[in-house]
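Being a predicted model, the structure only gives us computed values, none of them experimental.
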Amino acid sequence: MKEPAFWRTDGGRGSGALARALLAPLGWLHAFAVARRIRKASPVRITPKVVCIGNLTVGGTGKTPVSQTLMHRLCDMGLTPATLSRGYGGREQGPLRVDPHAHTAAQVGDEPLLLARSGQAWVARDRAAGGRAIEAAGGVDLVLMDDGHQNPDLHKDCSIIVVDGLTGWGPGTIFPAGPLREPVKAGLARADAVIVMMPDADTQPDWAGLGLADLQIPAFHAWLEPVAAPPPGKLVAFAGIGRPQKFFDALQAAGGDLGEVAVYGDHHAFSAGDLRHLDALAAAHDARLVTTEKDWVRLPADARSRITAWPVRAVFANPGALDGLLRDVVDAEAQDG
C-alpha cells in the first residue's frame with residue numbers, strides 16, 4: 001500500500017484531520033486488539049536467544065538493513081545468527097529455511113530472500129513454530145526476528161524498535177487513522193532499545209520531538225549508507241518500498257544523475273507491463289535502470305541482468321554501544337544455560 005497523505009503530520013487541517021477523526025474509532029479497536037493479544041499470550045521460549053527488530057509504525061523504517069548489519073556484527077563475534085521473518089508477500093507458510101539460489105520472492109517474500117544473502121534466514125507465518133524449527137535444526141546461537149514487536153507468540157529476550165527520525169510517529173493516530181500499530185507509550189514500554197534512522201551521519205535525531213529525551217533504555221543514531229557509488233551516467237530509478245523517496249534522495253546525494261523516477265507500492269510484484277514501461281523510460285532518457293536490493297530480488301530472473309541493484313547498509317554512530325547490547329544478550333544466554 002501507499003501511505004495516505006493524512007498520515008503525515010503536516011496534514012493537520014481540512015480533509016486530513018477529518019479522515020483521521022472518522023477513522024480514529026477503528027484505530028482504537030486495533031490498539032485494543034493488539035494489547036489484548038499481547039496480554040493473553042503465552043510466548044514460547046526457545047534455546048537460542050531471540051532479538052526482535054520491530055517498529056511501531058506501518059511502512060519502511062529500515063528494519064531489514066538493520067537486521068543485515070546485526071547479522072554481520074554477530075558473525076564477527078563468532079556467533080551463528082539466523083533471521084526469522086513472516087515472509088510477507090510470499091506464498092510459503094513455513095517454517096522453511098530460505099535458499100537464495102532456489103527460492104523466489106513470490107515463494108518466501110523479498111525481505112527473507114534478501115536476508116538470506118547475509119546468512120541463515122527462515123520464514124514462518126507462525127513465529128513460535130518458526131522458532132521451534134530453528135531450534136530443532138540446531139547450530140544457531142541467536143535468532144533475529146525481523147518485525148514482530150506486536151507478535152507475542154515467541155518469547156523475546158531483547159526488543160529493538162526502529163523509527164524513522166524524520167517522519168517519526170506521524171500524527172500519533174493508530175492504523176488506519178495513522179501509521180501507528182499501537183500507542184507509542186505502550187510499544188516503548190516493551191522495548192529494550194530504540195534505533196532512530198536519520199538521512200546521514202550529520203543529521204542528529206530530535207530526541208525530544210520523538211519523545212525519547214528521557215528514555216531509560218539505550219537509544220542509537222543510525223543511517224543508511226551506500227555500499228558503492230551509484231552507477232555512472234544517466235539513471236532511471238524505481239522502487240516499490242515503504243518510502244521510495246528516501247531511496248531517490250540517497251541516490252542523488254551520492255552523486256547519481258537521475259533522469260526520472262518511478263514509484264510502486266510496497267512489495268510490488270513487477271509485471272511484464274511494468275518492465276516494458278521501465279525499459280521505455282530508460283530508452284527515452286538514454287539511461288540505465290537502477291533500483292533497491294529489495295526490489296531487485298523481486299524482479300524476474302531475465303530482467304536482473306539489465307537492471308542494477310544499489311545496495312545500502314545500516315551504519316551506527318556508536319557501534320561499540322550496539323555491540324555491548326548484543327553482548328549483554330549473549331552473556332544472558334550463557335548464564336541461563
Side-chain angles (χ1 to χ4, degrees), residues 1-13 16-17 19-20 53-69 111 147 149 160-185 187-188 191 193-215 217-226 230 237-256 258 261 263-266 292-295 310-318 322:
M1 65 172 290
K2 293 184 179 179
E3 181 178 287
F6 64 82
W7 281 7
R8 295 196 294 267
T9 54
D10 57 4
R13 296 180 179 179
R20 290 199 296 269
I53 312 299
N55 63 6
L56 303 184
T57 57
V58 177
T61 56
K63 296 188 309 297
T64 301
V66 166
S67 294
Q68 288 176 301
T69 292
E111 290 167 351
D147 210 351
H149 187 66
I160 302 175
I161 295 296
V162 183
V163 58
D164 185 304
L166 297 184
T167 57
W169 317 114
T173 43
I174 312 296
F175 181 87
L180 285 174
R181 301 182 181 194
E182 61 177 317
V184 174
K185 184 177 180 180
L188 289 177
V194 175
I195 297 171
V196 181
M197 300 297 295
M198 299 302 296
D200 50 54
D202 297 326
T203 309
Q204 296 299 309
D206 180 4
W207 302 107
L210 291 168
L212 304 176
D214 299 320
L215 205 61
I217 56 176
F220 301 95
H221 168 203
W223 59 93
L224 298 182
E225 193 171 276
F238 66 97
I241 55 176
R243 294 189 173 92
Q245 192 59 47
K246 291 173 65 175
F247 171 63
F248 305 144
D249 291 344
L251 261 176
Q252 286 191 302
L258 293 191
V261 301
V263 176
Y264 297 89
D266 199 8
T292 70
E293 274 192 305
K294 199 165 85 165
D295 288 295
W310 193 59
V312 295
R313 58 174 181 164
V315 179
F316 286 77
N318 191 349
L322 176 67

Inset, instruction - Could you grab the distance from atom CD1 of Ile161 to atom CG of Leu56, nearest 0.5 Å is fine? - result: 4.0 Å

Legend entry - Atom pair CG/CG of Asn55 and Leu180 - distance to nearest 0.5 Å: 10.0 Å

Inset, instruction - Calculate, to the nearest 0.5 Å, the distance between atoms CD1 and CZ belonging to Ile241 and Phe247 respectively. - result: 7.0 Å

Legend entry - Spacing of Trp7 atom CH2 and Trp169 atom CH2 [to the nearest 0.5 Å]: 15.0 Å

Inset, instruction - For residues Ala239 and Asp295, report the shortest heavy-atom separation together with the two atoms involved. - result: CA-OD2, 3.4 Å

Inset, instruction - Compare every heavy atom of Met198 with every heavy atom of Trp223, then report the nearest pair and how far apart it is. - result: CB-O, 3.1 Å

Inset, instruction - Quick one: pull up CG in Asp214 and CH2 in Trp207 and give me the separation to the nearest 0.5 Å. - result: 12.5 Å

Inset, instruction - Kindly compute the distance separating NE2 (His149) from CD (Glu182), expressed to the nearest 0.5 Å. - result: 5.0 Å

Legend entry - Any side-chain heavy-atom pair of Val163 and Thr57 under 4.5 Å: no

Inset, instruction - Kindly say whether Asn318 contributes a backbone atom to a donor-acceptor pair with the side chain of His221 at under 3.5 angstrom? - result: no

Inset, instruction - Please list, chain by chain and in numerical order, all residues satisfying side-chain hydrogen bond (donor to acceptor under 3.5 Å, both in side chains) with Asp249, sequence neighbours excluded. - result: Gln245

Legend entry - Minimum heavy-atom distance Leu224-Pro65, with the two atoms named: CD2-CB, 3.6 Å

Inset, instruction - Grab the two heavy atoms, one from Leu166 and one from Pro199, that are nearest each other, plus how far apart they are. - result: CD1-CG, 3.5 Å

Legend entry - Thr69 side-chain N/O to Ala314 backbone N/O, donor-acceptor pair under 3.5 Å: yes

